[in-house]
K.L.:
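Supplied in structure tokens, the structure appears directly below.
Heads up: numbering here begins at 1 and tracks the sequence.
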Amino acid sequence: FTMEWPLQKDGKFTTTPTAKAVWRAAMNCVEDEEKKLELIASLESVKNWRKQYIAVVEHFVTVVANLPPNDAVKVAETGLNELQNSMLFRTGENQDPIPAREAFFGDAEVVSLECQIHSRPTAESSVPYRFPIAAPTTAWLTGEDAKKQLKAWADYGCMEPSAAEQASRVADVDNATSFVEDKVFVLLGATSAMGPAKSLLQIPGAHVMAVARAGKRMEALVEWFNENGAPGTTLEVCGADLLKEGPGIARWITETRNNDKKQVVVCNLIYMDGEAHVRVSVSMDLVGDYVSEKLG
């Protein structure tokens with residue numbers, strides 16, 4: 001079971017033909033004929049894709065950034081659809097690979113997953129939890145103190161003003177439980193260093209479905225939760241590899257949440273080096289598509 005690149009005519013799994021096909025599909029979606037032809041010409045003129053692709057991508061981004069928002073989204077969706085329809089998924093050691101989307105949405109065999117549920121008891125009385133931010137001189141800041149620090153970062157130029165504005169709105173919330181009580185957060189790559197697992201699990205009532213490779217980092221997350229999780233929080237743990245078990249993960253999520261009225265929020269957090277990052281990104285996208293279609 002694994003996500004794979006398409007097999008080329010020479011019998012090898014190579015990335016460049018697929019990458020260029022994805023960019024070409026997106027470029028063909030640009031309605032301005034002159035700009036479209038310029039983009040495709042720049043793509044076709046590249047002889048060494050690995051060393052020269054940056055100029056092509058910069059040209060593409062400049063054109064798309066100046067399109068009307070709906071047109072830009074259409075271009076992006078076209079490229080992503082081309083990638084999803086190009087990648088393959090092998091469902092068994094002696095099986096020929098099938099289109100990745102078919103592996104997720106079809107009747108292909110999936111790996112059975114073993115998952116566990118951990119929970120923290122609900123407190124008899126609770127103090128409203130306010131979103132904190134880390135600060136240079138103190139452990140955490142909340143409320144007006146947090147907003148002052150956010151403004152200072154934005155004024156200094158080390159934080160985007162729009163990010164500071166949104167964070168300030170969150171700092172105004174008196175009880176963060178209202179943000180999580182009607183949601184289930186699915187973290188694909190839950191042990192990622194910059195992921196929100198621990199931040200979410202410090203909010204009373206939060207429910208997190210954590211997906212990551214089984215091992216010491218996942219064990220450490222469970223141990224941390226058992227010691228530090230807020231009252232009323234739930235942590236469901238699934239030790240699985242998105243490169244190999246994406247279809248099974250998608251079905252686990254939907255089967256677990258099928259009769260649940262809570263909103264499912266899927267967060268793609270995995271980063272891998274080189275071509276593996278493309279493969280795992282396709283798997284994460286397909287998990288999101290599957291969950292969205294099945295749960296609405």
Side-chain angles (χ1 to χ4, degrees), residues 117-213 215-238 253 257 260-272 277 281 284 288:
I117 300 178
H118 305 267
S119 60
R120 299 282 291 166
T122 303
E124 295 183 4
S125 60
S126 61
V127 176
Y129 180 87
R130 304 193 73 177
F131 285 111
I133 65 165
T137 55
T138 59
W140 298 100
L141 296 174
T142 59
E144 291 301 318
D145 291 333
K147 290 167 67 175
K148 289 178 182 177
Q149 181 62 66
L150 291 164
K151 183 178 184 303
W153 282 332
D155 291 344
Y156 184 74
C158 64
M159 185 177 192
E160 287 287 339
S162 59
E165 180 182 349
Q166 292 301 317
S168 294
R169 290 177 60 188
V170 171
D172 279 333
V173 176
D174 290 328
N175 188 0
T177 297
S178 62
F179 272 80
V180 302
E181 59 189 358
D182 61 345
K183 298 177 179 67
V184 174
F185 296 88
V186 179
L187 308 185
L188 304 180
T191 56
S192 297
M194 295 185 68
K198 292 181 179 180
S199 296
L200 286 169
L201 292 168
Q202 291 181 77
I203 304 174
H207 189 148
V208 170
M209 298 177 74
V211 180
R213 290 172 175 170
K216 292 182 179 180
R217 294 174 69 180
M218 184 67 98
E219 293 170 2
L221 176 61
V222 173
E223 183 178 347
W224 176 91
F225 172 75
N226 288 332
E227 294 179 358
N228 302 286
T233 50
T234 300
L235 173 63
E236 294 188 60
V237 174
C238 183
I253 296 167
R257 304 264 68 87
D260 193 342
K261 295 182 179 180
K262 290 186 176 183
Q263 179 185 8
V264 176
V265 181
V266 180
C267 305
N268 296 350
L269 304 168
I270 299 174
Y271 174 81
M272 301 186 77
H277 186 68
S281 294
M284 289 189 290

K.L.:
Within the distance-only criterion (no hydrogens, no angle test), does the side chain of Gln149 pair as donor or acceptor with the backbone N or O of Asp145 below 3.5 angstrom?
P.N.:
no
K.L.:
Any sub-3.5 Å donor-acceptor pair from Thr177's side-chain atoms to Pro204's backbone N or O?
P.N.:
yes
K.L.:
Using every non-hydrogen atom in the two residues, find where Lys183 and His207 come nearest and quote the distance to one decimal.
P.N.:
O-CB, 4.1 Å
K.L.:
Would you say CD of Glu223 has more than 12 non-hydrogen atoms from neighbouring residues, nucleotides or ligands within 6.0 angstrom?
P.N.:
no
K.L.:
For atom NZ of Lys262, decide whether the heavy atoms of other residues, nucleotides or ligands shown that lie under 6.0 angstrom number more than 12.
P.N.:
yes
K.L.:
Indicate the ring-plane relationship of Phe131 and Phe179, choosing parallel, tilted or perpendicular according to the 30° and 60° boundaries.
P.N.:
perpendicular
K.L.:
Any side-chain heavy atom of Cys238 sitting closer than 4.5 Å to one from Ile253?
P.N.:
no
K.L.:
So, do Trp224 and Leu201 sit near enough that their side-chain heavy atoms are less than 4.5 Å apart?
P.N.:
yes
K.L.:
Show the nearest heavy-atom pair for residues Gly189 and Ile270, with the distance to one decimal.
P.N.:
CA-CG1, 3.4 Å
K.L.:
Specify the closest pair of heavy atoms between Ala146 and Leu141, including all atoms of both residues, with the distance to one decimal.
P.N.:
CB-O, 3.7 Å
K.L.:
Less than 4.5 Å apart, any side-chain heavy atom of Val237 and any of Leu221?
P.N.:
no
K.L.:
Quick one: are Tyr129 and Val180 in side-chain contact, heavy atoms under 4.5 Å?
P.N.:
no
K.L.:
Looking at Lys147 and Glu144, is any side-chain nitrogen of the basic one under 4.0 Å from a carboxylate oxygen of the acidic one?
P.N.:
yes
K.L.:
Measuring from atom CE of Met284 to atom NE2 of His277, what distance do you get when rounded to the nearest 0.5 angstrom?
P.N.:
6.0 Å
K.L.:
Compare every heavy atom of Trp140 with every heavy atom of Pro132, then report the nearest pair and how far apart it is.
P.N.:
CB-CE3, 3.7 Å
K.L.:
Which donor-acceptor pairs under 3.5 Å do the side chains of residues 154-168 make with protein atoms, sequence neighbours left out?
P.N.:
from	atom 1	to	atom 2	distance (Å)
Asp155	OD2	Lys151	NZ	2.7
Gln166	OE1	Arg169	NH1	3.4
Ser168	OG	Ala164	O	2.8

K.L.:
Tell me whether Arg120 contacts the main-chain N or O of Thr234 through its side chain, where contact means a donor paired with an acceptor under 3.5 Å.
P.N.:
no
K.L.:
Would you compute the distance between atom CG of Asn268 and atom CG of Leu187 and round it to the nearest 0.5 angstrom?
P.N.:
10.5 Å
K.L.:
Do the side chains of Arg130 and Asp174 get nearer than 4.5 Å, heavy atoms only?
P.N.:
yes
K.L.:
Looking only at heavy atoms, what is the nearest atom pair of Thr233 and Ile203, with distance?
P.N.:
CG2-O, 3.2 Å
K.L.:
I need the minimum non-hydrogen distance between Thr191 and Ala212, along with the two atoms involved.
P.N.:
OG1-CB, 3.7 Å
